[in-house]
Protein chains: 2
Amino acid sequence: MAHQTVGHGGVGVLSGCPAAAAEPDPSCPIEITLAVLKGRWTPLVFGEFLSGERTYSELSRALPALSDKVLSERLAQLTSAGVLERRRTPGWPVRVTYELTERGRALVPVLAAMRHWGAEAIPS
Amino acid sequence: MAHQTVGHGGVGVLSGCPAAAAEPDPSCPIEITLAVLKGRWTPLVFGEFLSGERTYSELSRALPALSDKVLSERLAQLTSAGVLERRRTPGWPVRVTYELTERGRALVPVLAAMRHWGAEAIPS
DNA sequence: CTGAATCCCTGCCGATACTG
DNA sequence: CAGTATCGGCAGGGATTCAG
């Protein structure tokens with residue numbers, strides 16, 4: 001299994017990306033996953049949902065240094081990625097809760113793998 | 001393995017980060033892993049090493065649209081993260097080869113998990 | 001051959017203010 | 001309560017040029 005000249009075209013970890021990728025491809029599965037987690041605060045926001053559903057104000061209270069703008073952006077990002085589900089309770093006051101979808105829960109083991117790798121300190 | 005009510009304080013996916021993280025913590029294992037993969041071209045550069053060692057010019061040829069500046073940055077980023085090892089062949093012409101370290105190979109399953117999750121299309 | 005230095009442009013993020 | 005609008009600062013990344 002010495003290095004063969006074949007790229008990662010069909011079977012490698014990067015399969016789904018063009019073999020001789022001229023450019024980074026947003027449709028590459030790995031890029032998709034990275035895009036979901038991309039941006040500051042995203043992992044922390046995601047982590048808030050590990051123990052159940054959350055409202056906007058709960059999140060805002062749990063992460064005080066996170067501005068409304070970015071919180072909205074992250075919730076929209078995770079929602080449009082299918083990771084969170086947004087549910088509006090009619091009536092007053094307006095109450096919106098977010099919670100993990102099935103796809104969101106499927107992301108947990110992925111994060112766990114990342115955590116495991118990142119936890120092994122680099123010998124300085 | 002239904003979702004437990006416990007937070008991410010000690011045992012969750014985000015363990016290693018401050019429980020009530022006031023701010024995103026660069027020392028969080030997940031943030032560490034994301035930082036390694038961070039930036040445009042990084043996954044593609046990493047993928048080049050799946051089939052063995054590479055020289056600077058080989059990488060440059062394999063990824064023509066990638067500028068020297070960013071290629072240098074990525075190689076430095078991955079090297080300082082302990083993912084790649086840099087080896088200089090003395091003499092002329094100057095020849096530098098990079099290859100995956102043990103830690104770099106340990107990253108492959110992580111990428112595989114990300115690829116697996118990203119490959120499941122969102123039902124539009 | 002393998003990069004580093006510079007310049008510039010774009011996109012992200014924070015702060016603040018405002019709306020349904 | 002749950003966001004959106006706007007603006008400014010700063011870092012990321014592309015093109016080009018220079019150096020060891």
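Heavy atoms only: backbone and side chains are in, while hydrogens, waters and symmetry mates are out. All chains are named by letter (A, B, ...) in the order of the sequence lines, taking the proteins before the strands, and each is independently numbered beginning at 1.
- Checking C:dA4, C:dC13, D:dG13 against every side-chain atom of B:R40, the shortest atom distance belongs to D:dG13.
- Atom CD in A:E73 sits about 12 Å away from atom C1' in D:dG3, given to the nearest Å.
- In this structure, the nucleotide among D:dT6, D:dT4, D:dG12 sitting nearest to the side chain of B:K38 is D:dG12.
- Among the nucleotides D:dG13, D:dG20, C:dG3, the one closest to the side chain of B:V94 is D:dG20.
- Considering only the side chain of A:K69, D:dC7 comes nearest among C:dC1, D:dC7, C:dA4.
- Side chain of B:W41 to main chain of B:L63: no donor-acceptor pair is present (N/O by atom type, distance under 3.5 Å, no hydrogens or angles).
- Taking atom CD of residue B:Q77 and atom P of nucleotide C:dA4, one finds them 14 Å apart after rounding to whole Å.
- Within the 3.5 Å criterion, the main-chain N or O of A:V83 finds a donor-acceptor partner in the side chain of A:T101.
- Atoms CD (B:E23) and P (C:dG14) sit 8 Å apart, rounded to a whole Å.
- A straight line from CG of A:D68 to C1' of C:dC18 spans 12 Å, rounded to a whole angstrom.
- With C:dC13, D:dG3, D:dG13 as the candidates, the nucleotide lying closest to the side chain of B:V70 is D:dG13.
- Taking 4.0 angstrom as the limit, B:W41 places a side-chain polar atom (N or O) nearer than this to OP1 or OP2 of D:dG14.
- OP1 or OP2 of D:dA2 has not a single side-chain nitrogen or oxygen of A:R88 nearer than 4.0 Å.
- The separation between B:L63 atom CG and D:dG14 atom P is 12 Å, rounded to whole Å.
- At a threshold of 4.0 angstrom between heavy atoms, the contacts of B:R74 are confined to the sugar-phosphate backbone, with no base atom among them.
- Using a 4.0 Å heavy-atom criterion, one finds that A:R61 contacts no nucleic acid atom at all.
- A salt bridge is absent between B:E31 and B:K38; no separation between the charged side-chain nitrogens and carboxylate oxygens falls under 4.0 Å.
- Using a cut-off of 4.0 Å between Lys/Arg side-chain N and Asp/Glu carboxylate O, A:R61 and A:E58 are scored as not salt-bridged.
- Taking atom CG of B:L75 as the reference point, atom C1' of C:dC1 lies 14 Å away to the nearest angstrom.
- If you find the closest nucleotide of DNA chain C to B:Y98 and to A:L66, the one lying nearer the 5' end belongs to B:Y98.
- Rounded to a whole Å, the CG atom of A:L71 is 16 Å from the C1' atom of C:dC12.
- The shortest distance between the side-chain N/O atoms of A:S57 and the OP1/OP2 oxygens of D:dA2 is below 4.0 Å.
- When rounded to the nearest whole Å, the span between CG of A:L84 and P of D:dG3 equals 12 Å.
- Between A:Y56 and D:dT4 there is no side-chain polar atom (N or O) within less than 4.0 angstrom of OP1 or OP2.
- No donor-acceptor pair closer than 3.5 Å links the side chain of B:Q77 to the backbone N or O of B:T42.
- Among the heavy atoms of the strands, none lies under 4.0 Å from A:W92.
- A salt bridge does not link A:E99 with A:R86: every distance from a Lys NZ or Arg NE/NH1/NH2 to an Asp or Glu carboxylate oxygen is 4.0 Å or more.
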